[in-house]
Visitor: 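One structure, pasted below without further comment.
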Amino acid sequence: MSKKPNADFDAVLAAAPKAAKPALTRIRTLVHEVAADIAATGGVVETLKWGQMSFLPARPRVGTTVRMGVASANPPLLGLYFHCQTTLVETFREIYADAFGFEGNRALLVDLRKPFPDAELRHCIAMALSYHATKRAANKAASR
């Protein structure tokens with residue numbers, strides 16, 4: 001179950017460039033849908049981190065925060081940002097090299113001039129929201 005939307009979050013979304021708002025809103029919806037599909041998350045909490053719209057699993061130690069914002073106006077890029085000490089962006093780069101641009105080990109970039117990568121984003125969001133639980137399960141299986 002997703003938590004109540006955050007008014008400050010809504011204000012940042014409202015202030016985003018007009019061309020980016022539909023995609024940011026779509027990503028927001030995707031995050032809530034994905035979190036609802038992963039019972040362990042308990043939904044997501046919306047908050048602001050470093051002034052960016054951020055989602056974190058409502059339950060602790062299940063996944064990592066997903067932040068989003070406008071990465072650049074020209075070309076129009078949205079960034080989804082992840083904790084740089086995870087292996088998430090490295091994994092996304094291996095799986096989706098053709099679907100996204102990347103910024104180091106912290107962000108995947110969505111080009112607004114291309115078709116919206118709905119399925120790919122769902123997968124990336126799911127991997128982030130379940131990152132710690134997946135890592136623990138893999139470590140447990142490896143130690144058997």
Visitor: Could you walk me through whether Leu80 and Cys124 satisfy the side-chain contact (heavy atoms from CB on, under 4.5 Å) test, starting with their C-alpha distance in whole Å, then the side-chain angles of each, then the deciding distance to 0.1 Å, before giving a yes or no?
Guide: CA-CA 10 Å; Leu80 268 71; Cys124 294; over 6 Å; no

Visitor: Which of these, Thr91, Val34, Thr86, sits in a side chain to side chain contact (heavy atoms under 4.5 Å, CB included) with Met127?
Guide: Thr91

Visitor: Measuring from atom CG of Leu78 to atom CG of Leu24, what distance do you get when rounded to the nearest 0.5 angstrom?
Guide: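 One gets 5.0 Å once the value is rounded to the nearest 0.5 Å.
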
Visitor: Evaluate the side-chain proximity of His83 to Thr65: yes if any heavy-atom separation is below 4.5 Å, no if none is.
Guide: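 Contact flag for Thr65/His83 side chains = no.
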
Visitor: For the side chain to side chain contact (heavy atoms under 4.5 Å, CB included) test, which of Thr41, Ile38, Val45 pairs with Pro57?
Guide: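 Answer to the side chain to side chain contact (heavy atoms under 4.5 Å, CB included) test with Pro57 among Thr41, Ile38, Val45: Thr41.
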
Visitor: Work out which heavy atom in Ala58 is nearest to a heavy atom in Gly42; give both atom names and the distance.
Guide: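 The answer is CB-O, 3.3 Å.
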
Visitor: Taking side-chain contact (heavy atoms from CB on, under 4.5 Å) as the definition, give me every residue that meets it alongside Thr25, ordered by chain and number, with sequence neighbours left out.
Guide: Leu13

Visitor: If you group Ile, Leu, Val, Met, Phe, Trp and Tyr by side-chain heavy-atom gaps below 4.5 Å, do Val31 and Val62 land in one group?
Guide: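 Different clusters.
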
Visitor: Sequence neighbours left out, what passes side chain to side chain donor-acceptor pair (under 3.5 Å) with His123? Give chain and number order.
Guide: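 Residues passing side chain to side chain donor-acceptor pair (under 3.5 Å) with His123: Tyr96.
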
Visitor: Under the side-chain contact (heavy atoms from CB on, under 4.5 Å) test, which residues partner Val12, sequence neighbours left out?
Guide: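 side-chain contact (heavy atoms from CB on, under 4.5 Å) check on Val12 returns Leu48, Met53.
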
Visitor: Check whether any side-chain heavy atom of Glu120 sits under 4.5 Å from a side-chain heavy atom of Phe92, and report yes or no.
Guide: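 Glu120 does not reach Phe92 side chain to side chain.
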
Visitor: CD of Glu90 to CZ of Phe82: how many Å apart, nearest 0.5 Å?
Guide: 14.0 Å

Visitor: Do Ile27 and Val66 make a side-chain contact, defined as non-hydrogen atoms from C-beta onward lying under 4.5 Å apart?
Guide: no

Visitor: Can you name the residues that form a side chain to side chain donor-acceptor pair (under 3.5 Å) with Arg26, not counting sequence neighbours?
Guide: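 Once residues adjacent in sequence are excluded, the partners of Arg26 under the side chain to side chain donor-acceptor pair (under 3.5 Å) criterion are Asp118.
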
Visitor: At what distance, to the nearest 0.5 angstrom, does CZ of Arg28 lie from CE of Met68?
Guide: 7.0 Å

Visitor: More than 12 heavy atoms of other residues, nucleotides or ligands under 6.0 Å from CZ of Arg61: is that the case?
Guide: no

Visitor: Measuring from atom CG of Leu88 to atom CG of Leu108, what distance do you get when rounded to the nearest 0.5 angstrom?
Guide: 9.5 Å

Visitor: Return the set of residues passing side chain to side chain donor-acceptor pair (under 3.5 Å) with Gln52 (not counting sequence neighbours), or none when no residue passes.
Guide: Arg67

Visitor: Is a side-chain donor or acceptor of Arg59 paired with a backbone partner of Ala39 at a separation under 3.5 angstrom?
Guide: yes

Visitor: Looking at residues at least two apart in the chain, or sitting in another chain, which of them share a side-chain contact (heavy atoms from CB on, under 4.5 Å) with Glu103?
Guide: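 Residues passing side-chain contact (heavy atoms from CB on, under 4.5 Å) with Glu103: Tyr81, Arg106, Ala107, Leu109.
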
Visitor: Do Glu33 and Leu30 have side-chain heavy atoms sitting under 4.5 Å apart?
Guide: yes

Visitor: Identify the heavy atoms of Cys84 and Asn105 that sit nearest to each other, and give their distance.
Guide: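 Shortest heavy-atom contact: O-ND2, 2.9 Å.
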
Visitor: Can you tell me how far the CZ atom of Phe116 sits from the CG atom of Asp111, to the nearest 0.5 Å?
Guide: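 Reported to 0.5 Å precision, the distance equals 12.0 Å.
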
Visitor: Which value, rounded to the nearest 0.5 Å, describes the distance between Gln85 atom CD and Thr64 atom OG1?
Guide: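 Spacing of CD (Gln85) from OG1 (Thr64) equals 10.0 Å.
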
Visitor: If the condition is ring-ring contact (aromatic ring centres under 6.0 Å, His included), which residues does Tyr131 pass it with, not counting sequence neighbours?
Guide: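 Scan of Tyr131 (ring-ring contact (aromatic ring centres under 6.0 Å, His included), adjacent residues dropped) gives none.
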
Visitor: Indicate the atoms forming the closest heavy-atom contact of Gly63 with His132, along with that distance.
Guide: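 Minimum heavy-atom contact is O-CD2, 3.2 Å.
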
Visitor: Quick one, Phe100 and Val110 - any side-chain contact, counting heavy atoms below 4.5 Å?
Guide: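 Yes, at least one pair of side-chain atoms sits under 4.5 Å.
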
Visitor: Quick one: list whatever passes side-chain contact (heavy atoms from CB on, under 4.5 Å) with Pro75, sequence neighbours left out.
Guide: Ser72, Leu77, Arg113

Visitor: Grab the two heavy atoms, one from Gly104 and one from Val89, that are nearest each other, plus how far apart they are.
Guide: O-CG1, 3.4 Å

